[in-house]
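Heads up, the thing below is written out as structure tokens.
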Amino acid sequence: MTNFPNGDFGYDRPVATISTDGRGRVTLPVKNATFELTELPGGTLMLEPARVLTQAEYEVLLNPELRQQVTASMNDPEAATRHVRRSERVR
């Protein structure tokens, strides 16, 4: 990896050359990571670290009341309401 001083060739970060294998694949130096891929004009590929949310997580983030309930529960888990199974109810 070559590191050009700021300003030389317009780069201010390390520059590397990566080659694809026989099937067109590239190995990244990061293991078990998820990235968002964006193709920029000119064919440049930009990889940004990403975290994927489930639909349920997304819905909680959109709902202020649910966010407040989750935050309160995480701050004081002992205060959570106990749900009794029907088989435990006294008849």
Side-chain angles (χ1 to χ4, degrees):
M1 191 174 296
T2 306
N3 190 8
F4 293 107
N6 190 8
D8 290 358
F9 304 106
Y11 294 103
D12 60 353
R13 63 183 193 277
V15 178
T17 302
I18 300 174
S19 299
T20 58
D21 65 10
R23 294 175 60 187
R25 300 174 299 185
V26 173
T27 302
L28 298 175
V30 181
K31 295 183 181 201
N32 298 322
T34 301
F35 295 93
E36 181 178 287
L37 172 64
T38 305
E39 186 172 355
L40 303 174
T44 300
L45 300 176
M46 180 173 63
L47 296 173
E48 296 179 276
R51 292 192 180 185
V52 179
L53 299 177
T54 65
Q55 185 65 34
E57 291 168 323
Y58 182 69
E59 295 296 331
V60 168
L61 288 175
L62 293 179
N63 186 320
E65 185 179 327
L66 285 175
R67 279 198 327 261
Q68 183 179 8
Q69 288 175 8
V70 169
T71 301
S73 176
M74 292 180 76
N75 289 338
D76 189 9
E78 297 298 322
T81 304
R82 184 173 182 270
H83 296 282
V84 180
R85 291 183 179 182
R86 290 183 184 188
S87 61
E88 295 178 12
R89 288 184 184 168
V90 177
R91 295 184 184 197

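Scope of the values below: all heavy atoms of this structure, side chains included, with no hydrogens, waters or symmetry mates.
- Across E59 and L66, no two heavy atoms sit closer than the pair O-CD1, 4.5 Å.
- Shortest non-hydrogen contact noted between V30 and A33 is CG1-CB, 3.4 Å.
- Heavy-atom contacts from other residues, nucleotides or ligands closer than 6.0 Å to CE of M74 number 12 or fewer.
- The two residues R23 and D21 come nearest to each other via the heavy atoms N-OD1, 2.9 Å.
- Judged purely by atom type and a 3.5 angstrom limit, T71 uses its side chain to pair as donor or acceptor with the backbone of R67.
- In the displayed structure, Y58 atom OH is contacted under 6.0 Å by at most 12 heavy atoms of other residues, nucleotides or ligands.
- Atoms OG1 and CG, on T38 and L45 in that order, are 9.0 Å from each other to the nearest 0.5 Å.
- By the side chain to side chain donor-acceptor pair (under 3.5 Å) test, T54 pairs with E57, sequence neighbours left out.
- Under the 4.5 Å side-chain contact rule for hydrophobic residues, L28 and L37 share a cluster.
- Expressed to the nearest 0.5 Å, how far CZ of R25 lies from OG1 of T27 amounts to 7.5 Å.
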